[in-house]
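Worksheet: one structure, shown below.
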Amino acid sequence: MNRTNFNLLVLFFFFGIYFALDQLFFAAVQSRIIGFIHNRALAHMVAYILSLLPLLLGALLLKPKDQDTLVSKFGVNGSPALGIGIAALATLPMFIGYAFRFSLIREPDFNSLVINTFSAGLFEELIFRAYFFGLVYRYTRLGFIPAILATSLVFAFLHLYQSQDPMELVLIFMTTFLGSVLFAWLYTEWKFNLWIPVALHILMNLAWMLFNVDDNAAGNWYANIFRFLTIALVIVLTVIRAKNMKIGLRVNRKTLWRKL
């Protein structure tokens, strides 16, 4: 079995184990941990850390193409400061726009805020960008489009719990699907520095949570205007960086479908 097929088999097998355990036991494990530490946000993060174990094992078993460590495989060896700086600049339209258009939430739930911003941004990016997309793209010959499709579809489907209305479900699916593509593209273009999509994910969620914007990921027209400005800004920043450094974009015609 060649390296590409072996790595694909390993990655999907261990993602399947993670997904099954997450669906069956995550809530129960989190509840049990809450009983010990009496903090919902911390229990949520501990449960997520435990759920990552199959993915760590899958990453370790990959046939290496170089001397990558587990840390570099997950992209956490990049600069956190760079990620925070780019994300803070890019999300200014959301924070400023929402401050003018919407009111601050009156009684923020600290646990919900931590879970839906820091925890969601960190662990979703570790699972879906670093492992599911990143390792498939980096350790096989699959190009960007086939590597991103499965990841983004799963990521989008997992957000459909937010509504029962068919039209809203379509909007939620499209919003989260395209968001997944954006985060994967940024992860690739910034030399697999996971802190770029992590910080952007956290701050975009934070802006959404701090103001009375909407109840689900789809949002209303006013909310999406400022969100699209943030997306446009981070894309422009990424393209300008590639041009100034004369390195070109990593996602191009040669890497869209299959890498040589």
Side-chain angles (χ1 to χ4, degrees), residues 71-72 74-105 108 110 113-130 133-134 137 144 148 151-152 155 159 174-214 217-252:
V71 170
S72 63
F74 278 85
V76 294
N77 59 325
S79 169
L82 178 62
I84 294 170
I86 294 297
L89 181 59
T91 53
L92 281 177
M94 290 182 70
F95 282 100
I96 295 172
Y98 292 171
F100 279 99
R101 184 64 182 82
F102 305 106
S103 60
L104 279 168
I105 53 176
F110 176 78
L113 202 60
V114 171
I115 289 171
N116 290 295
T117 57
F118 179 80
S119 186
L122 175 61
F123 290 107
E124 287 181 6
E125 294 306 311
L126 277 170
I127 294 165
F128 290 97
R129 245 61 66 193
F133 162 76
Y137 182 70
F144 183 82
I148 193 59
T151 309
S152 298
F155 185 74
H159 286 78
M174 291 302 300
T175 299
T176 50
F177 178 84
L178 293 175
S180 179
V181 174
L182 171 68
F183 290 139
W185 180 75
L186 291 172
Y187 180 48
T188 305
E189 296 299 344
W190 289 88
K191 295 183 178 180
F192 302 106
N193 179 353
L194 190 67
W195 301 112
I196 300 289
V198 164
L200 185 65
H201 196 154
I202 290 172
L203 290 182
M204 289 181 75
N205 282 11
L206 180 61
W208 201 268
M209 294 284 294
L210 284 179
F211 298 92
N212 290 305
V213 178
D214 210 334
N220 53 55
W221 287 109
Y222 286 108
N224 282 319
I225 287 172
F226 299 115
R227 181 158 60 179
F228 290 149
L229 286 173
T230 283
I231 292 170
L233 182 53
V234 76
I235 290 173
V236 169
L237 289 172
T238 302
V239 172
I240 289 174
R241 168 188 169 274
K243 183 177 180 180
N244 287 343
M245 295 184 69
K246 298 180 180 180
I247 57 175
L249 293 173
R250 290 170 173 261
V251 179
N252 51 54

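Distance CG/Asn205 to CD1/Ile115: 12.5 Å, rounded to 0.5 Å. Of the inter-residue distances, the one linking Phe211 atom CZ with Phe226 atom CZ reads 11.0 Å to the nearest 0.5 angstrom. Remark: Leu182 CG to Leu200 CG distance equals 6.5 Å, nearest 0.5 Å. Atom OH of Tyr137 sits about 8.5 Å away from atom CZ of Arg250, to the nearest 0.5 Å. Note: Leu194 CG to Asn77 CG = 10.0 Å, rounded to the nearest 0.5 Å. The distance from atom CG of Leu229 to atom CD1 of Ile96, rounded to the nearest 0.5 Å, is 10.5 Å.
The shortest distance between side-chain heavy atoms of Leu203 and Ile84 does not fall below 4.5 Å. Side-chain contact between Val76 and Leu126 is present, with at least one heavy-atom pair separated by less than 4.5 Å. The side-chain heavy atoms of Pro108 and Leu210, taken from C-beta on, include no pair separated by under 4.5 Å.
Not one N or O on the side chain of Thr117 forms a donor-acceptor pair closer than 3.5 Å with the backbone of Ile202. Judged purely by atom type and a 3.5 angstrom limit, Glu125 has no side-chain atom pairing as donor or acceptor with the backbone of Ala130.
The nearest pair of heavy atoms linking Arg227 to Met204 is CG-CE, 3.7 Å. Nearest heavy-atom pair, His201 versus Ala120, reported as atom, atom and distance to 0.1 Å: CE1-O, 4.2 Å. Listed here is the closest heavy atom pair of Ala199 and Gly83: CB-O, 3.4 Å. Shown here for Gly134 and Tyr187, the closest heavy-atom pair between the two residues is CA-CE2, 3.9 Å. Summarising the geometry of Val251 relative to Glu189, their closest heavy-atom pair is N-OE2, 2.9 Å, with the distance given to 0.1 Å. Among all heavy-atom pairs drawn from Ala184 and Ile148, the shortest one is CB-CD1, 3.1 Å.
A ring pair (Phe, Tyr, Trp, His ring centres under 6.0 Å) with Phe133 is found for one member of Phe144, Phe74, Trp185, Phe192 and no other, namely Phe144.
The side-chain contact (heavy atoms from CB on, under 4.5 Å) search around Ala242 returns Ile247, Leu249, not counting sequence neighbours. For Leu89, the side-chain contact (heavy atoms from CB on, under 4.5 Å) partners two or more places apart in sequence, or in a different chain, are Leu92, Leu237.
A side-chain donor-acceptor contact under 3.5 Å links Trp190 and Thr238.
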Would you check, one step at a time, whether the test side chain to side chain contact (heavy atoms under 4.5 Å, CB included) holds for Asn116 with Trp208? CA-CA 10 Å; Asn116 290 295; Trp208 201 268; over 6 Å; no
Run the side chain to side chain contact (heavy atoms under 4.5 Å, CB included) check on Trp195 and Leu122 step by step: do they pass? CA-CA 9 Å; Trp195 301 112; Leu122 175 61; 4.2 Å; yes
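Under a cut-off of 6.0 angstrom, the local environment of CZ in Phe118 is sparse, with at most 12 non-hydrogen atoms contributed by other residues, nucleotides or ligands.
Among residues at least two apart or in separate chains, side-chain hydrogen bond (donor to acceptor under 3.5 Å, both in side chains) pairs with a member in residues 82-105 are Ser103-Asn212.
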